[in-house]
*Asks:* 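Sharing a structure with you now.
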Amino acid sequence: MPKKKKKIEARLSPIHGNGVFATGLIKKGERVVRYKGKLRTHAEVDEEYGDDDEDGHTFLFTLNDDYVVDANVGGNIARWINHSCQPNCESEIEEDAKDRRHKDKVFIQALREIKPGEELTYNYGITLDEPHTARLKKLWACKCGSKKCTGTMLQPKR
Ligand SMILES: C[S@@+](CC[C@H](N)C(=O)[O-])C[C@H]1O[C@@H](n2cnc3c(N)ncnc32)[C@H](O)[C@@H]1O
Ligand SMILES: [Zn+2]
């Protein structure tokens, strides 16, 4: 079967660094891309990156309680998708039918129709273990530019 052509490209973004933009019409509910990278345990990631998140930049995606997808290694275009407080995509975890947690996958899926030229975004849903102090909220400052921007990528703790 011929491979489906990707309807996205990575290029400079007004939000931050590189972003991902639609090059074709993306339908509501469409699975746009899988977030790929090396599968690591939380302990491995903590050991390797430690306090590296002190600059608010990350290519890590928490897959489940056991694993993190580390897009620093073997990452694909999905690692350039920026966060927004009013996103047009969402992340969706596809859990393995046999509950093998290392087989879980994460996909980025359209929340609405996305027109060519629009930047793709999703809410990273970042919460830190420590209290979300004003300093940390600033470190994780959000520049999504949407009307609903909360000013930080950190989400309220439940
Ligand atoms: C997965 S990377 C996205 C690609 C990123 N633009 C780049 O060029 O490396 C995630 C990082 O991008 C930055 N970022 C993403 N969305 C942002 C936003 N809405 N406001 C500010 N920085 C953002 C943050 O540093 C975040 O940790
Ligand atoms: Zn925002």
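Bear in mind that the values here come from a model prediction, so they are computed numbers and not experimental data. In what follows, every heavy atom counts, from backbone to side chain, and hydrogens, waters and symmetry copies are set aside. The first residue in the sequence is number 1, and the count goes up from there.
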*Asks:* Parallel, tilted or perpendicular, judged at 30° and 60°: which one describes the rings of Tyr124 and Tyr122?
*Replies:*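 Taking Tyr122 first and then Tyr124, their aromatic rings sit tilted (interplane angle of 30° to 60°).
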*Asks:* I want to check something: taking the side chain as every heavy atom from C-beta on, are Ser91 and Phe61 in contact at a cut-off of under 4.5 Å?
*Replies:* yes
*Asks:* Tell me which pairs pass side-chain hydrogen bond (donor to acceptor under 3.5 Å, both in side chains) where either residue lies in residues 74-86, with sequence neighbours left out.
*Replies:* Ser13-Asn82, Asn82-Glu119
*Asks:* Would you confirm whether Glu44, through its side chain, and Thr41, through its main-chain N or O, come within 3.5 Å as a donor-acceptor pair?
*Replies:* yes
*Asks:* Assigning hydrophobic clusters by single linkage (Ile, Leu, Val, Met, Phe, Trp, Tyr; side-chain heavy-atom cutoff under 4.5 Å), is Val32 placed with Leu111?
*Replies:* no
*Asks:* If you measure from OH on Tyr67 to NZ on Lys38, what distance do you get to the nearest 0.5 Å?
*Replies:* 12.0 Å
*Asks:* With the 4.5 Å side-chain cut-off for hydrophobic clustering, are Val106 and Leu39 part of the same group?
*Replies:*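 Yes, because Val106 and Leu39 connect within a single hydrophobic cluster, where side-chain heavy atoms sit under 4.5 Å apart.
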*Asks:* Who passes salt bridge (Lys or Arg N to Asp or Glu O under 4.0 Å) against Arg34, sequence neighbours left out?
*Replies:*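 Not a single residue meets the salt bridge (Lys or Arg N to Asp or Glu O under 4.0 Å) criterion with Arg34.
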*Asks:* If the threshold is 4.0 Å, N to carboxylate O, is there a salt bridge linking Arg101 and Glu95?
*Replies:* no
*Asks:* Met153 and Phe59: same hydrophobic cluster, using ILVMFWY side-chain contacts below 4.5 Å?
*Replies:* yes
*Asks:* Any link between Ile93 and Leu120 through a network of hydrophobic side chains (Ile, Leu, Val, Met, Phe, Trp, Tyr) touching at under 4.5 Å?
*Replies:* yes
*Asks:* Which heavy atom of Asp96 sits nearest to which heavy atom of Asp104, and what is that distance?
*Replies:*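 The pair with the smallest heavy-atom distance is N-OD1, 2.8 Å.
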*Asks:* Strictly below 4.0 Å, N to O, side chains only: are Arg31 and Glu92 in salt-bridge contact?
*Replies:*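 Looking at Arg31 and Glu92, the cut-off is met.
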*Asks:* Heavy atoms, side chains only, cut-off 4.5 Å: are Tyr49 and Arg40 in contact?
*Replies:*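 Yes, close enough: below the 4.5 Å cut-off.
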*Asks:* Can you tell me if His42 uses its side chain to pair, donor with acceptor, with the backbone of Thr62 under 3.5 Å?
*Replies:*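 Answer holds: no.
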*Asks:* Quick check: closest heavy atoms across Val33 and Ala78, and the distance to 0.1 Å?
*Replies:* CG1-CB, 3.8 Å
*Asks:* Working to the nearest 0.5 Å, report the span between CG of Leu154 and CH2 of Trp140.
*Replies:*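 Going from the CG atom of Leu154 to the CH2 atom of Trp140 covers 7.0 Å.
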*Asks:* Are a donor atom and an acceptor atom from the side chains of Asp70 and Asn72 found within less than 3.5 Å of each other?
*Replies:*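 On atom types as modelled, these side chains qualify, holding a pair under 3.5 Å.
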*Asks:* Mark yes or no for whether Asn88, through its side chain, and Ile114, through its backbone, hold a donor-acceptor pair below 3.5 Å.
*Replies:* no
*Asks:* Under the 3.5 angstrom rule, does the side chain of Lys157 hit a backbone N or O of Leu128 as a donor-acceptor pair?
*Replies:*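 Checking the backbone N and O of Leu128 against the side chain of Lys157, a donor-acceptor pair under 3.5 Å is found.
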*Asks:* Considering residues at least two apart in sequence or located in another chain, which fulfil the side-chain hydrogen bond (donor to acceptor under 3.5 Å, both in side chains) criterion with Gln155?
*Replies:*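 For Gln155, the residues satisfying side-chain hydrogen bond (donor to acceptor under 3.5 Å, both in side chains) (neighbours in sequence not counted) are Asn123.
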*Asks:* Which donor-acceptor pairs under 3.5 Å do side chains of residues 14-29 form with protein atoms, sequence neighbours excluded?
*Replies:*
residue: Thr23; atom: OG1; partner: Lys7; partner atom: O; Å: 3.1
residue: Thr23; atom: OG1; partner: Ile8; partner atom: N; Å: 3.3

*Asks:* Pair up each side-chain donor or acceptor in residues 141-149 with any protein partner under 3.5 Å, not counting sequence neighbours, and list the distances.
*Replies:*
residue: Ser146; atom: OG; partner: Lys148; partner atom: N; Å: 3.3
residue: Ser146; atom: OG; partner: Cys149; partner atom: N; Å: 3.2

*Asks:* Using side-chain hydrogen bond (donor to acceptor under 3.5 Å, both in side chains) as the criterion, list what pairs up with Lys115, not counting sequence neighbours.
*Replies:*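 Expected list: Glu113.
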